[in-house]
Amino acid sequence: MQALINGQAYDFKAGQTILQVAREHDIFIPTLCELNDIDHAPGTCRVCLVEVNDGQSAEPRFLTACDTPLQEGWQVQTRTAKVQDMRRVQVEMTMADHHQSCSTCKRNGNCELLSVANSVGLTTVDFHYTQGWENDEPMDEGQAIIYDRSRCIRCQRCVAVCRNVQNIDSLELAGWGSTAGIRLKGGSVEPSPCVTCGQCVMVCPTGALSERDQTQEVLDYLADPGITTVFQMAPAIRVGFGEEFGLPPGHNVEGQIIAALRKLGADIILDTNFAADVVIMEEGTELLGRLSQKKGPTFTSCCPAWITFIEKHYPDMRPMLSSTRSPQQTLGVIAKTYLAEKRQIDPARMRVISIMPCTAKKEEARRPEHVKNGQPDVDVVLTIREFAHLLRREGIDLKHMTPSAFDDPYMSEYSGAGAIFGTTGGVMEAALRTMYFVVNGKELEHIEIGQLRGFESVRTAHVNLGGDFGEIKVAMCHGLKGAREVVEAIRAGSVDFDFIEIMACPGGCVDGGGTLRSKKAYLPHALKRRATLYDIDRHTKARQSHNNQQVQKLYADFLEAPHSEKAHHLLHTSYRDRSCVRAADIRAVWGEQAEEGQR
């Protein structure tokens, strides 16, 4: 099939939209609501209007390119004077119903709406109406994710990613005309199906969805001479932060981040990778015990959005969750006990500040299970985006920092196994390395487990643990749509696994809901980031968690042994039934979809 675009003939396939064909041939058409990465093309913003002569109508038609299939013989014009004028009007109407205080917006400097306004040549906004939101405050109950109706353009990307990619379906467009906006089903976070994974934030083109900003809290702690600030950096941070300051995507900026934290005035700088190694010691021991007792499958517990998913959507599956805390919470509690003792610091004057690729980590830090005597184990969680904002507030340019190194003698060493926690499949691979050693008294020969390194949403493998355990069946999954598939299969008895790793975010932590956002793209740098983590693993002296000498010392001096009474008290947790108002309905719909697929 063939059609003309701007006078040039192009071949195309049946069903392809005008926008798809244009992009194939590098023809620019501005878009706003559309996001190709998640197959979202609602045509609501009408910024992608083009002029079409179909050879049948006397007058040209003006159609949205994102959702109009191209037809044989059509003549499409993308930049006539009329098209350009109509696009400007559409963007002006959007801007008129938008909070225009750009200096206070979370997307300042990275806003898709402003980029589109510039691309269509908008120079003035001649009218402004605020009836839909002028009396509304941003929805903030202390939760991890904030919705600001005054900046929402009703593109429904957030609805699409929550419903179709994550299969949570916690958001909906409600209201009419200028009062329309996004709302949580159930009214607020706790009764809703929302798990605070943050993927809605990742696709929002404006500042309507953002994390709760805690940068001022951190600055206040840094300014208080009576406070000892303890920073921890998650595995994914070092490979997902450099591009914010002009470095190549996936570039390892661990040394620059340490230097930047020192310039900020951080008292103690630790690596969450250290805690990941501790988690493997606990979780691996726990799993071997469950395997010996034939207690059925065990799910990993490192991902807080996944934990919330189970508590809200499948609370009956809680006994299958590992009781081991996540690396973030493990580091927090060890810092305020072991490290405080070693450094002779009053734990009440310590503030543990996490830098995480995750919005759900904010909620995790507030869980009552992780608060003792009114003091949380982790005081503040900054997403990568907040950390970038913090550095800019202090005039620190990461690109020009001379790399530094960790120097804490107690809690900064990490293994390659700890490093790969940041990508999907990494927790499973790290655990198997140590479990094999515990069972056999020797290292796993082929340390890189290729079966766990694909990028499909669900992967399975058979691994020979040796000893009395023999071959075990494992699975790993990233993205909650795949997680629901796995959980439903286990409940139905149609699969039989011993160990399952789940990461709520597609791609794992390297593409978590708190990572850097890209204009017009969902997860563009996942593969580069995970490749660098695997490279870090290959070049780390110790590649197994049990060979981390500081972890060995932690157990010798403080915890005694993995799964000791003290270790269990400090490093393990429990889970609650938080059944959401629509969980049963969602499961019913999922079951109908599965049956339809089988037919």
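Predicted model, so just to flag it, every value in this text is computed and none were measured.
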Salt-bridge contact Glu243-Arg529 (side-chain N to carboxylate O under 4.0 Å): yes
Cys358 versus Pro304, closest heavy-atom pair with distance: SG-CG, 4.1 Å
Are any of the side-chain nitrogens in Glu363 or Arg578 under 4.0 Å away from the carboxylate oxygens of its partner? yes
Ion pair Arg385/Asp213, N-O distance below 4.0 Å: no
So how far is it from Asn6 CG to His25 NE2, rounded to the nearest 0.5 Å? 12.5 Å
Can you give me the closest heavy-atom contact between Arg530 and Thr424, atom names plus distance? NH2-O, 3.3 Å
Arg262-Ser404 side chain donor-acceptor pair, cut-off 3.5 Å: yes
Under 4.0 Å between a side-chain nitrogen and a carboxylate oxygen: does that hold for Glu112 and Arg157? yes
Note: Glu211-Arg517 ion pair, threshold 4.0 Å (strictly below): no
First locate atom CZ of Arg366, then atom NZ of Lys361, and finally report the distance between them rounded to the nearest 0.5 Å. 15.5 Å
Is the closest basic N to carboxylate O distance between Lys82 and Glu51 below 4.0 Å? no
Just by modelled atom types, is the Arg576 backbone N or O under 3.5 Å from a matching donor or acceptor in the Glu311 side chain? yes
Identify the heavy atoms of Trp74 and Pro69 that sit nearest to each other, and give their distance. CZ3-O, 3.6 Å
Charged N to carboxylate O under 4.0 angstrom, Arg392 versus Glu244? yes
Rounded to the nearest 0.5 Å, how far does CG of Leu523 lie from SG of Cys505? 9.0 Å
Output for pair (Leu480 CG, Ser457 OG), nearest 0.5 Å, gives 11.0 Å
Donor-acceptor pair, side chain of Thr68 and main chain of Thr64, under 3.5 angstrom: yes
Phe28 backbone acceptor or donor facing Arg23 side chain under 3.5 Å: no
Side-chain (Gln143) to main-chain (Ile145) donor-acceptor, under 3.5 angstrom: yes
Any chance you could measure Leu533, atom CG, to Asn252, atom CG, to the nearest 0.5 Å? 8.5 Å
Any Lys/Arg nitrogen of Glu364 or Arg367 sitting under 4.0 Å from an Asp/Glu carboxylate oxygen of the other? no
Give me the atom names and distance for the closest heavy-atom approach of Leu171 to Cys200. CD1-CB, 4.1 Å
Is the backbone N or O of Thr383 less than 3.5 Å from a side-chain atom of Glu386, with the two atoms forming a donor-acceptor pair by type? yes
Looking only at atom types and distance, does a side-chain atom of Ser518 sit under 3.5 Å from a main-chain N or O of Ala521, one as donor and one as acceptor? no
Can you establish whether the number of heavy atoms outside Arg393 located under 6.0 Å from its atom CZ is more than 12? yes
Which heavy-atom pair separates Gly43 from Cys33 by the least distance, and what is that distance? N-SG, 3.8 Å
Please confirm whether the backbone N or O of Ser192 pairs with a side-chain atom of Lys312, one donor and one acceptor, at under 3.5 Å? yes
Is Lys185 reaching over with its side chain to a backbone N or O of Cys194, donor-acceptor style, under 3.5 angstrom? no
Salt bridge between Arg238 and Asp271, side-chain N to carboxylate O under 4.0 Å? yes
Could you tell me whether a side-chain N or O of Tyr10 sits under 3.5 Å from a main-chain N or O of Leu4, the two making a donor and an acceptor? no
OH/Tyr221 to OG1/Thr229 distance, rounded to the nearest 0.5 angstrom? 11.0 Å
Just by distance, do the side chain of Asp224 and the backbone of Gly226 share a donor-acceptor pair under 3.5 Å? yes
Check: Met233 and Phe387 side chains under 4.5 Å, non-hydrogen atoms: no
Which pair of heavy atoms, one from Ala3 and one from Gln71, lies closest together, and at what distance? CB-O, 3.8 Å
